[in-house]
Amino acid sequence: MFSSSRVTSGVSEPGILYPSLSRHKFDYQRHVPDRLLATFVENFWTVTWQLAPGEAFTAQVLPYPSVNCSVTHEGADVTGVTRRRYDRHLVGSGYAVGARFRPGCFRPFIAYSTSRLTDTARPMADVFGRSTFTLQESVAATSSLAERVRLLTGFLLEDVPAANRQADWVGSLVAEVAARADIIRVSQLALIAEVSERRLHRLFVDFVGAPPKWVIARCRLQDAAARAAEDPEVDWGSLAIELGFADQAHLTRAFSRVIGAPPAAYVARMKSLP
């Protein structure tokens, strides 16, 4: 009835911090969504880990501005846009399977503003209004990543809404911001969208769960973290101007506040990793 195939393996998702260390601690893979969900879902993802006895690892992620539905060995949740750094403490062995929705495109599944989910994790059963017991039991009973994705796909397809042109349009705007490092101001995005900044703000809060200014800043911080991973010798002063910060000091403060370490310390730790 539906299918999903793996497209990416290892740790390559934008936003995963310290990627060279993370790929040795857990396996992250992305999966193509079923065609009936592709309007809403960016990708499905799976994570598995098997740490040595007594070992622990905290995975750190700078999340993309999306809503995620996930099933783990601990439960089934809907996580809204997360404005802080997301930390997941891993011990022993475990798994997770999730659907990362296109920004703005979870809104058709709910009868209220997506902003009500921002910075929260709510039981999937509460958000969808139906039990997730069978889903959780079935996911736990298989070790097949493709089967876990198939099970979550089936749950979402049980009550998939009609396509929403406005949600799709907002999602395309966020994709534009993520893809273009030269978009650094809300006024630029409003020109691209051909709407006023005030209307753009209302649409983003309702559909994405965060205002466009925050979305732009998050994408540019993800750009900075990715650049540091690719080039430890990056010129932070030049990068700050390129990404729309007033100067290096402003980038350093924003980077430190959200990621938890100043750029120099972040790069130094990556250099020290085997």
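This chain uses plain numbering: 1 for the first residue, then up along the sequence. Keep in mind that what you see is a predicted model, and the values were worked out from it rather than measured.
- Between the side chain of D119 and the backbone N or O of R83 there is at least one donor-acceptor pair closer than 3.5 Å.
- Of all the heavy atoms in A228 and M270, the pair that sits closest is O-CE, 3.5 Å.
- At least one test fails for R220 against the ring of F245: distance under 6.0 Å to the centre or angle within 45° of the axis.
- Looking at every heavy atom in both residues, F106 comes nearest to C69 through CE1-SG, 3.8 Å.
- The minimum heavy-atom distance linking L36 with V160 is given by the pair O-CG2, 4.3 Å.
- Atom CG of L221 is separated from atom CG of L251 by 7.0 Å, given to the nearest 0.5 angstrom.
- Within the 3.5 Å criterion, the main-chain N or O of V97 finds no donor-acceptor partner in the side chain of T46.
- A heavy-atom distance below 4.5 Å is found between the side chains of F204 and V170.
- Using a 4.5 Å heavy-atom threshold, the side chains of T142 and L151 count as touching.
- The side-chain heavy atoms of S22 and Q60, taken from C-beta on, include no pair separated by under 4.5 Å.
- Taking 4.0 Å as the cut-off between side-chain N and carboxylate O, D34 and R150 do not count as a salt-bridged pair.
- Neither L191 nor W169 shares a network with the other; the hydrophobic side chains, linked directly or stepwise wherever heavy atoms of I, L, V, M, F, W or Y lie under 4.5 Å apart, form separate groups for each.
- In this structure, I192 and I183 have side chains that are in contact, with non-hydrogen atoms separated by less than 4.5 Å.
- In plain terms, the two heavy atoms of L51 and L90 that are nearest each other are CD1-O, 3.4 Å.
- Atom CG of D77 is separated from atom CZ of R122 by 11.5 Å, given to the nearest 0.5 angstrom.
- Under the 6.0 Å distance and 45° angle rule, R148 does not count as a cation-pi partner of F44.
- Of all non-hydrogen atoms in G209 and T118, the two that sit nearest each other are O-OG1, 2.7 Å.
- Nearest heavy-atom pair across T252 and P263 is CG2-CD, 3.8 Å.
- Put simply, CD on Q29 and CG on L145 are 5.5 Å apart, with the number rounded to the nearest 0.5 Å.
- By the neighbour-count criterion of 12 heavy atoms within 6.0 Å, atom CD of E194 is sparsely surrounded, having that number or fewer from other residues, nucleotides or ligands.
- In this structure, F40 is a member of the same hydrophobic cluster as Y112, with clusters built from ILVMFWY side-chain heavy atoms closer than 4.5 Å.
- Checked by atom type and distance alone, the side chain of T120 pairs as donor or acceptor with a backbone atom of L117 at under 3.5 Å.
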